[in-house]
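Some notes on the structure that comes next.
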Amino acid sequence: MKNRKNHVIYFATSNLNKIEEVKKILKDYPVKIKHIDKKKPEIQANDVEEIALRSAAWIAQEVERPIFVEDDGLFIKALNGFPGPYAAYIFETIGKRGILKLLDEQMNRKAIFKSVIAFCAPKKDPICFIGVVSGQISMEERGAYGFGYDPIFEPENGPGKTFGEMTMCEKIRYSHRGKSVKKFVSWYLESTTE
Ligand code: ITT
């Protein structure tokens with residue numbers, strides 16, 4: 001990495017769990033994450049990348065500084081990719097229990113968690129970085145760590161635990177967010193001229 005000094009990078013999200021995780025993922029990188037508590041615009045689109053890119057462009061314009069956002073999608077194979085980019089709405093409505101109910105007696109529990117980071121500077125085009133983890137939806141909720149769908153998502157190549165049974169340090173070793181954030185910050189440090 002070219003620069004060893006601390007770079008301040010602004011992260012726009014309404015989810016404090018994401019801030020905590022991103023800070024933990026980047027603890028050994030020469031960057032400092034600052035939170036912008038900004039609700040993203042309601043963008044209807046069928047893919048997470050498009051939502052993230054458009055949100056980042058909109059917020060960068062609003063706050064007049066370079067920022068990044070992170071959008072997540074949960075794609076469940078037996079449900080043809082549902083809830084996908086609608087994961088937040090589905091979480092607020094039918095929740096984890098509703099998802100378990102939809103998968104009642106379903107043996108194929110494969111799912112993918114996708115994290116898309118979109119970075120944008122005012123008047124520039126946004127750019128995105130993707131992190132994906134494959135896994136399965138557990139038969140029941142397990143674990144009290146984490147947030148959102150963590151108690152029902154079990155990453156493949158993991159120790160057979162759900163994210164909800166992992167400490168944050170353990171989760172970020174496997175998670176979609178761990179991957180997207182590292183890709184983004186490696187690019188940022190290589191490309192910034194500050
Ligand atoms: P933003 O303000 O950053 O958009 P959000 O919580 O609305 O925060 P998303 O729309 O990206 O975030 O998240 C979609 C849903 O997926 C939402 O219900 C989250 O709680 C959930 N989610 C996101 N990341 C997760 C993770 O690492 N583990 C479990 N659930 C997660």
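We count ligands from 1, going down the list as the structure has it; atoms in each ligand are counted the same way. Numbers here simply count residues along the sequence, with the first being 1. A quick note: this is a predicted structure, and the numbers were derived from the prediction, not measured.
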Select one of side chain, backbone, both or neither to describe which atoms of Lys171 lie under 4.0 Å from any atom of ligand 1, heavy atoms only. side chain
Return the residue, atom name and 0.1 Å-rounded distance of the protein heavy atom closest to atom 9 (P) of ligand 1. Lys18 NZ, 3.6 Å
Are there over 12 heavy-atom neighbours, none belonging to Phe82, within less than 6.0 Å of that residue's CZ? yes
Atom 23 (C) of ligand 1 sits nearest the protein heavy atom Asp72 OD2, 3.4 Å
To check your reading of the model: name the closest protein heavy atom to atom 30 (N) of ligand 1, its residue, and the distance in Å. Tyr149 N, 2.9 Å
Students should be able to answer this: which protein heavy-atom is nearest to atom 24 (N) of ligand 1, and at what distance? Arg177 NH2, 2.8 Å
Can Leu74 and Phe91 be said to form a side chain to side chain contact (heavy atoms under 4.5 Å, CB included), step by step? CA-CA 10 Å; Leu74 176 64; Phe91 188 79; over 6 Å; no
Which atoms from ligand 1 have a heavy atom of Asp150 less than 4.0 Å away? 26 (C), 28 (N), 29 (C)
Qualifying salt bridge (Lys or Arg N to Asp or Glu O under 4.0 Å) pairs, either residue in residues 105-123, two or more places apart: Glu49-Lys114
Within less than 4.0 angstrom of ligand 1, does Phe113 place any heavy atom? yes
Is the closest side-chain heavy-atom distance between Asp47 and Pro85 below 4.5 Å? no
Near Glu140 CD, under 6.0 Å, is it more than 12 heavy atoms from other residues, nucleotides or ligands? yes
Which of the atoms of ligand 1 are close to Ser14, meaning less than 4.0 Å from one of its heavy atoms? 1 (P), 2 (O), 8 (O)
Under 3.5 Å, is there a donor on one side chain and an acceptor on the other for Thr13 and Glu70? no
Do Phe68 and Ile33 have side-chain heavy atoms sitting under 4.5 Å apart? yes
Quick one: does any side-chain atom of Lys183 pair with a main-chain N or O of Ile130 as donor and acceptor, under 3.5 Å? yes
Quick test: of every protein heavy atom, which one is nearest to atom 6 (O) of ligand 1, and how far off is it to 0.1 Å? Asn15 ND2, 2.9 Å
Identify, by atom number and element, the atoms of ligand 1 in contact range of Asp71, meaning under 4.0 Å from any of its heavy atoms. 10 (O), 11 (O)
Does His176 have a heavy atom less than 4.0 Å from any atom of ligand 1? yes
Ligand-side contact atoms (ligand 1) for residue partner Glu70, heavy atom cut-off under 4.0 Å: 3 (O), 11 (O)
On a heavy-atom basis, I'd like to know which of Pro85, Gly95, Gly148 is closest to atom 20 (O) of ligand 1. Gly148
Return yes or no for this condition: an N or O of Glu21 is under 3.5 Å from an N or O of ligand 1. no
Assess Phe147 for proximity to ligand 1: is some non-hydrogen atom of it under 4.0 Å away? yes
Looking only at protein heavy atoms, identify the closest one to atom 10 (O) of ligand 1 and say how far it is in Å. Ala88 CB, 3.5 Å
Side chains of Tyr86 and Asn46: closer than 4.5 Å at any heavy-atom pair? yes
Just jot down the ligand 1 atoms closer than 4.0 angstrom to any heavy atom of Thr13, in number order. 1 (P), 2 (O), 3 (O), 8 (O)
If you measure from OG1 on Thr162 to CD on Glu141, what distance do you get to the nearest 0.5 Å? 9.5 Å
Residues that Lys171 engages under side-chain hydrogen bond (donor to acceptor under 3.5 Å, both in side chains), provided they are two or more places apart: Glu21, Asp150
Ligand 1 atoms in contact with Phe91 (distance to a heavy atom under 4.0 Å): 18 (O)
